[in-house]
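The figures here come from the full heavy-atom set of this structure, side chains too, leaving out hydrogens, waters and symmetry mates. If you read the sequence from its start, that first residue is 1, and numbering goes on from there.
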Amino acid sequence: MVYICKGVCDSLKGEKIPNGSKYGYGQKRCTLCGIFMTVSGFRCPCCSVLLRTKSRGRK
Ligand SMILES: [Zn+2]
Ligand SMILES: [Zn+2]
C-alpha cells in the first residue's frame, strides 16, 4: 500500500508549540506529512500512516 498526503493534514495541524514539547501536549507526528497534529486515532486521517506519539531515543 502506498501512502499519499492528500493535503487534509493542513487543517489538522496542531497549535504552534515550542520545539521539543509537542509530544507532551498530546500531539502526534505524521512522518509522511511532516507535521504535528491533534488527532484521537493512531493513524493520520490524511494519509493513514501510523503516527508517532513519542520522541525517539528517550526512555
Ligand atoms: Zn497530509
Ligand atoms: Zn499524514
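Scanning both residues, Cys30 and Cys33, for their nearest heavy atoms gives SG-N, 3.2 Å. Here the shortest heavy-atom pairing between Val39 and Lys28 reads O-NZ, 3.2 Å.
Not counting sequence neighbours, Lys6 has no partner by the salt bridge (Lys or Arg N to Asp or Glu O under 4.0 Å) test.
Going from atom CE of Met37 over to atom CD of Gln27 covers 9.5 Å, rounded to the nearest 0.5 Å. Distance CG/Leu12 to SG/Cys44: 7.0 Å, rounded to 0.5 Å. Rounding to the nearest 0.5 Å places CD1 of Ile4 at 10.5 Å from OG of Ser48. Between the OH atom of Tyr3 and the CG atom of Leu50 there is a distance of 6.5 Å, given to the nearest 0.5 Å.
With hydrophobic clusters built from ILVMFWY side chains whose heavy atoms lie under 4.5 angstrom apart, Leu32 does not share a cluster with Leu51. The same ILVMFWY cluster, assembled from side-chain heavy atoms under 4.5 Å apart, contains both Ile35 and Val8.
Screening residues 33-48 for salt bridge (charged side-chain N to carboxylate O under 4.0 Å, His left out) gives no qualifying pairs among residues at least two apart or on separate chains.
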Quiz prompt | Steps toward side chain to side chain contact (heavy atoms under 4.5 Å, CB included) verdict (Cys9, Cys47) | solution = CA-CA 8 Å; Cys9 53; Cys47 62; over 6 Å; no

